[in-house]
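Encoded as structure tokens, the structure appears first; notes follow it.
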Amino acid sequence: MRNSTLLLAASLGLVLASHAVASDRPDPGKLTTRCLDAAAKKFDVKNDYIQLQPIQSVDAGYAIAGTADAGMDGKKNFSCQFDKKGKLANLVPENK
């Protein structure tokens with residue numbers, strides 16, 4: 001009986017620990033929205049003219065690469081950089 005109680009307690013601890021780790025991750029949808037909004041403002045285009053790549057995990061947190069179609073000004077490549085908590089740290093235009 002004692003072994004099963006210890007096993008149950010250990011299993012519960014693992015579940016709670018893994019849930020805490022998972023909840024520390026920012027919502028991917030929010031990262032995408034923040035990146036779209038920042039890029040639209042930076043390049044003065046509507047969100048519809050921005051294409052984003054999948055979110056990448058990097059040492060400092062997360063990054064999303066993208067391209068804004070600025071019409072006559074051409075396509076502008078950029079990267080949104082987020083800290084580990086999901087705060088937008090930087091929007092970096094790519095120079096050609």
Contacts table for residues 37-52: side-chain donor-acceptor under 3.5 angstrom, sequence neighbours left out:
{"from": "Asp37", "atom 1": "OD1", "to": "Asn47", "atom 2": "ND2", "distance (Å)": "3.2"}

Residue pairs, two or more places apart or on separate chains, that pass side chain to side chain donor-acceptor pair (under 3.5 Å) and touch residues 78-91: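 Found none.
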Contact list for residues 56-70, test side chain to side chain donor-acceptor pair (under 3.5 Å), sequence neighbours left out: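 Sorted result for residues 56-70: Thr67-Asn77.
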Pairs involving residues 41-79, ordered by first then second residue, that meet disulfide (SG to SG under 2.5 Å) (sequence neighbours left out):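 Not a single pair qualifies under disulfide (SG to SG under 2.5 Å).
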Report the hydrophobic cluster partners of Val92, with the cluster defined as I, L, V, M, F, W, Y residues connected by side-chain heavy atoms closer than 4.5 angstrom, directly or transitively.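 Joined to Val92, directly or through intermediates: none.
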Residues that, via side-chain heavy atoms closer than 4.5 angstrom, fall in one hydrophobic cluster with Val58: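 When side chains under 4.5 Å apart are linked, Val58 ends up in no cluster with other residues.
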Please round to the nearest 0.5 Å and tell me the distance separating atom CZ of Phe82 and atom CG of Leu88.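 The CZ atom of Phe82 sits 5.0 Å away from the CG atom of Leu88.
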Can I get a per-line list of side-chain donor-acceptor pairs under 3.5 Å for residues 28-36, giving both atom names and the distance, sequence neighbours left out?
{"from": "Thr32", "atom 1": "OG1", "to": "Pro28", "atom 2": "O", "distance (Å)": "3.0"}
{"from": "Thr33", "atom 1": "OG1", "to": "Gly29", "atom 2": "O", "distance (Å)": "2.9"}
{"from": "Arg34", "atom 1": "NH1", "to": "Gly86", "atom 2": "O", "distance (Å)": "2.7"}

